[in-house]
Amino acid sequence: MLNAAAKLFVTRGFAATSTREIAERVGIRQASLYYHFAGKDEILAELLQRSVRPTVDKVEKIETLVPPETHATALYLLALIDIRTLADAPHNVGILYAQSDVTNSEVYADFQHTRRELVDAYGRIGLQAASVDVTADIDATELGEMLMHSIEVVTGIRNAGTAMTPHRANRIAAAVLRMCDVPKETIAAAASAASELLAGFHHETTVASAESTL
């Protein structure tokens, strides 16, 4: 159901998609859909949650696994994991986040809370990795938002029909570190270390198999 809704929201637009159309796409009665969700806002809220939750769930492991003195590696690894999360989100549903009703409606409170957790993680780890010049005139929240917006370019790339290859993912992750004024040689070392650590992370595929959970 979630997979079908994601495809309709992205291809037709959230406002233009009805719960009846979602139910018809899944092959169930519209009334049956309401056993799971009160309306399409709740469906979108769940989809958006799945576009950020997998990354947030790995933040503690990242900060535990990466040695304290190698903050650049932690930031690079966080970026790679987040890029993969957005790249795996069904039908690029993350691109719908910018809609005004998503940011203002109480239905999306849980998603907004989870997203703030991720902003906080980017801000915290980013400040630790950043140069003194960066930390002198920016706080954790502002930096976190800037870094997350850099990662969210993934949704635009997907929307253009371009595949998110490992090369592109690494270019985005490196750009995140450059925003923190991390030296070029440190970025190269962080990229190497993060790529090795990434293999030890089991990337949950919940977002890609959302339809099978209902």
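These values consider heavy atoms only, across backbone and side chains, with no hydrogens, waters or symmetry-generated copies. On a predicted model such as this, the values are computed, not experimentally measured, just so you know. Sequence positions, counted from 1, serve as the residue numbers for this chain.
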Item to check | Pairing of D88 and R84 as salt bridge, 4.0 angstrom limit | outcome: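 So D88 does not pair with R84 through a salt bridge.
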Item to check | Trace of the side-chain contact (heavy atoms from CB on, under 4.5 Å) decision for I43 with L33 | outcome: CA-CA 10 Å; I43 296 174; L33 182 148; 4.2 Å; yes
Checklist entry - Should we say atom NE2 of H113 is surrounded by more than 12 heavy atoms from elsewhere, each under 6.0 Å from it? => result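 It does not: H113 NE2 has 12 such atoms or fewer within range.
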Next on the checklist: Check this for me: E106, atom CD, are more than 12 non-hydrogen atoms of other residues, nucleotides or ligands nearer than 6.0 Å?
Outcome noted: no
If you measure from [atom1] on [X] to [atom2] on [Y], what distance do you get to the nearest 0.5 Å?
X: T186; Y: K184; atom1: OG1; atom2: NZ; answer: 12.5 Å
X: L8; Y: R25; atom1: CG; atom2: CZ; answer: 4.0 Å
X: Y122; Y: M179; atom1: OH; atom2: CE; answer: 11.5 Å
X: T19; Y: M1; atom1: OG1; atom2: CE; answer: 10.5 Å

Item to check | Pair L118-L78, side-chain contact (heavy atoms from CB on, under 4.5 Å): steps then yes or no | outcome: CA-CA 10 Å; L118 191 51; L78 174 62; 4.2 Å; yes
Are the side chains of [Y] and [X] in contact, using a 4.5 Å heavy-atom criterion?
X: C180; Y: L147; result: yes
X: V132; Y: D181; result: no
X: V66; Y: Y76; result: no
X: L2; Y: P90; result: no
X: V93; Y: L44; result: yes
X: R53; Y: E117; result: yes

On a heavy-atom basis, which atom in [X] and which in [Y] lie closest, and how many Å separate them?
X: A129; Y: V182; result: O-CG2, 3.6 Å
X: I172; Y: S150; result: CG2-O, 3.8 Å
X: L143; Y: G123; result: CD2-O, 4.2 Å
X: R115; Y: V52; result: N-CG2, 4.4 Å
X: I81; Y: T55; result: O-OG1, 3.9 Å

Checklist entry - Can you list the steps and then say if I138 with M146 is a side-chain contact (heavy atoms from CB on, under 4.5 Å)? => result CA-CA 10 Å; I138 194 170; M146 288 173 58; 3.4 Å; yes
Next on the checklist: Could you walk me through whether R50 and F111 satisfy the side-chain contact (heavy atoms from CB on, under 4.5 Å) test, starting with their C-alpha distance in whole Å, then the side-chain angles of each, then the deciding distance to 0.1 Å, before giving a yes or no?
Outcome noted: CA-CA 9 Å; R50 292 170 185 238; F111 160 68; over 6 Å; no
